[in-house]
Amino acid sequence: MLPEKLRKQVIYQIYPRSFKDSNNDGIGDLNGIRSQMDYLACLGVTMLWLTPIFKSPNRDNGYDVSNYYEINPEFGSESDLEKLIDSAHSKNISIMLDMVFNHTSDQHDWFQKSRAREYPYTDFYIWKDGVDGRAPKGKEAFFGGDVWQFDDLRKQYYYHTFDKKQPDLNWSEPLVRKKLADVVNYWIKKGVAGFRFDAIDYIGKKLNPIVETDIELTHKYLNELKKNSYGQDNSIITVGETGAADLKSSRRYTDFKTGELDMVFQFEFMNLDGVRSDDWIKKEFPIIKLKKLVDHWQKGLFFKGWSGQFLGSHDFPRLVSRFGSETSGYRFLSASMLATFLFGLQGTPYIYQGDEIGMSNFPWQRVDQFRDIESLNFAGKFAKQGLGPEEIVKRLADNSRDNARTPFQWSNDQYAGFSNGKPWLAVNPNFKTVNVQREINDNTSLLNYYRRLIKIRKQETLFFDGDFKMLDGENDSLFFYERFKDDRRLLVVANFSEKRYVLENKFLPKNEKDILIANYSDRSKKELFSDPNIRPFESFIYLLDKEGRQNDQK
Ligand code: TEU
Ligand code: CA
C-alpha cells in the first residue's frame, strides 16, 4: 500500500541564509521565513524543508552543527522557530528539519571532549594512530584533502568524509546512537513534522582494517533510530539523502513495511553531467541516458518504495541554467517544461527556493566572490595544479553550489528585497526582471505556472498512484510518458530542446478540457489543443481515456 500521508505532498526547500532577512544584517532568518508565509501558502506547498538551522560555526553553512539543541543565533531563537511552526500550521504547512548526523562541527562539545579523551566521549568519533608518522590509509575527502586529519591534542588522526572541520561521528558507539535519537525526539515534541537526514548512507562504517561505508550497518543504525524516535509517530515524514543509493538499496530503505525511511533522494539523474565531480568540467547532459534511468527508477520503485524528485537543491547549480535555457524567450518555457516533467513523475516533488520564479546561475567573475567551502577548497586544489584564474572561475561557475545560494529575489528594490543590508552573498544582477513582485500578478509567469502545477498535482490522483510507461524512449530530446491506472491515463510531454516534433495521431488529446496544464497557452484552446506539432521546450499534461485511443486506432 502506498503511504497515504505522501499523497498530496509538495515539499519546498528553504535555504534560510538566503531566503528573507528580517533584521537587515544581510543574513536570512526564521522571522524572515515567517514573514513570507502567505507567499508559501499561496504557492500551495505542504511542507517546508529548512536546511540546518542549528548552532554552527558555518564552515559549511550549518552542515557543521556545534549544538543540535540550539538555534543558530543568526537565524533567531527557539521561540522564533516555535512561532514559525505555528504560523505554518495555521496555513496547513508543516516543517521539516535537516539532521546532519554523519558528522558534527569540530566545535561541537562532543568533539572537544573526544579530543581530550574525556569519558564517555572518547569513542564518539573515529580515531586512529598514524602509520610510520603518516596518516592511516584513506581516500580524498569530498571537499578536498585527505579523509584523515591529525589532531594536536589527542595526537591521533580523525576521519572526515567531508571537510576537515566536519569530523564523522562513530555510529558503532551505542551512546552516539542514543544521543542522536534524543535529538530527533526533542524536535518532534516541538511540533516538527518531517526530517531530512543528511548524507545518511555514510553513517554505517566498518572501521577496520580500513574505514569503509557499510550498507548493512547503515540499515541497522537507521532501524534503531527509527524505533527509538520518529518510528513512534507514523505521521512524521522522513527523507534520506542517500548519495550512493541504487534502485535495490532505495527499495530497501523505503519498503512500505520494513523500510527505515519514507523516501530517499537518489542522485543518478543529478550526476549525469558530471557536475561537482572529479575535475569539475561540466559534460553534456545525455537525455537518452536520463530516459533510461527514469524508466528504470520509475518502474523499479513503483509499489516497492518511494523517492523524492528534484532537479535542483542548495547543492547544485540552478536547474534552468543547467538543464534548460536562459536565452530570453526560453527561460520561462524551459523552466516550466522542467517542472512539468518532474511533477509528472512518481515520487514526491521538491521545489528548491527560487526555482519557481526562474532564478538562474550567477555571472561569476572572480574566485573571491565565492563563499562555499567546497568551491573554495577546489579553487585551491586547481590553483595547485597550475590552472589560471580564468579557468578556475569557469569551472567554479559551472559547478559551484553558490549558484543556488544567492539571495532570493523578492522584488526589484535594492538587494532584490531580500534585505536592507548588504547580503552575505551577492544578489544575481538579473533580479530587476526575475523577481516575485513582477511575477505574482502576471498570469503567464513561471510562478503562476508553478501554482497551477502544484494544484493539479494535488487534485489528480494518477500523479500519486498511476503506474509509469515511457513512450518514444529512443527520441533524444522529447520526453513523453504515461501514468496510468485501470482505464485512466495521464500523458506528460516535455520537450528538452529547441527542436520541433510531430506527435503521433493516436496520442493526440481528444478534447481541450483534457489538457490539465500547458506552457504554451494556445495548447489549451479549442483551435490548437490537438495540434501534433511540438514546439521548442513545449510541455503539457493531459488525460487520454482508453476508449478515445482505441477508437482512434481502429
Ligand atoms: O551533501 C552530501 C553530498 O556531498 C552531496 O552534495 C552529494 O552531491 C551527493 O551525496 C551525491 O554524491 C550533504 C549536504 O546536502 C551538503 O550541503 C553538505 O555540504 C554535505 O552533506 C555535508 O554535510
Ligand atoms: Ca537576519
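Atoms within each ligand, like the ligands themselves, are counted from 1 in listed order. Basis for what follows: all heavy atoms, side chains included, without hydrogens, waters or symmetry-related copies. When a residue number appears, it is its place in the shown sequence, counting from 1.
Summary of contacts: the protein heavy atom closest to atom 8 (O) of ligand 1 is R276 NH1, 3.3 Å. Looking only at heavy atoms of the protein, atom 4 (O) of ligand 1 is closest to F162 CE2, 3.1 Å. Protein heavy atom closest to atom 15 (O) of ligand 1, with residue, atom name and distance, is D315 OD2, 2.4 Å. Protein heavy atom closest to atom 10 (O) of ligand 1, with residue, atom name and distance, is G243 CA, 3.5 Å.
Of all atoms in ligand 1, listed by their number and element, those nearer than 4.0 Å to a heavy atom of H103 are 22 (C), 23 (O).
D25 contributes atom OD1 as its closest N/O/S atom to the Ca ion (ligand 2). Take the N/O/S atoms of D21: the one nearest the Ca ion (ligand 2) is OD1. Here the N, O or S atom of D29 that is nearest to the Ca ion (ligand 2) is OD2.
Using a 4.0 Å cut-off between heavy atoms, F143 contacts ligand 1 through its side chain alone, with no backbone atom that close. Under 4.0 angstrom from ligand 1, the non-hydrogen atoms of E241 all belong to its side chain. Neither the backbone nor the side chain of R59 comes within 4.0 Å of ligand 1, counting heavy atoms alone. For H314, every heavy-atom contact with ligand 1 shorter than 4.0 Å involves the side chain, none the backbone.
At a 4.0 Å cut-off, not a single heavy atom of F142 sits close enough to ligand 1 to count as contact. Ligand 1 lies out of reach of M270, whose nearest heavy atom is not under 4.0 Å from it. Using 4.0 Å as the threshold, R401 has a heavy atom nearer than that to some atom of ligand 1. Within the structure, the closest approach of Q266 to ligand 1 does not fall below 4.0 Å when heavy atoms are considered.
The six-membered or imidazole ring of F341 lies near that of F479, with a centre-to-centre distance under 6.0 Å. With ring centers used as reference points, Y202 lies under 6.0 Å from F142. For an aromatic pair to be called close, the ring centres must be under 6.0 Å apart, and Y63 with F162 fails this. In this structure, W49 has its ring center at least 6.0 angstrom away from the ring center of F310. You'll find the ring centres of H219 and Y253 inside the 6.0 Å limit. Ring centroid separation for the pair Y415 and F418 does not come in under the 6.0 Å cut-off.
Between the side chains of Q166 and N102, not a single donor N or O lies within less than 3.5 Å of an accepting N or O. A donor atom on one side chain and an acceptor atom on the other are not found under 3.5 Å apart for N403 and S400.
Of the candidates D198, I373, D60, D198 brings a heavy atom nearest to atom 13 (C) of ligand 1.
For the Ca ion (ligand 2), the set of nearby N, O or S atoms under 3.0 Å includes none belonging to G32. Coordination check, N23 versus the Ca ion (ligand 2): passed, since an N/O/S atom of the residue sits under 3.0 Å. Here E74 does not reach the Ca ion (ligand 2): none of its N/O/S atoms is less than 3.0 Å from the metal.
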task = For the pair S114 and W127, evaluate side chain to side chain donor-acceptor pair (under 3.5 Å) and give the outcome as yes or no after the intermediate values.
result = CA-CA 9 Å; S114 194; W127 294 100; 2.9 Å; yes
ask   = Do S56 and D64 pass the side chain to side chain donor-acceptor pair (under 3.5 Å) test, and can you show the C-alpha distance, the side-chain angles, and the key distance before you say yes or no?
value = CA-CA 6 Å; S56 164; D64 47 332; 2.9 Å; yes
request  = Check the pair Q149 / D106 against side chain to side chain donor-acceptor pair (under 3.5 Å), numbers first and verdict last.
outcome  = CA-CA 11 Å; Q149 177 69 28; D106 63 348; over 6 Å; no
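Looking only at side-chain heavy atoms (C-beta outward), V176 and K179 stay at 4.5 Å or farther from each other.
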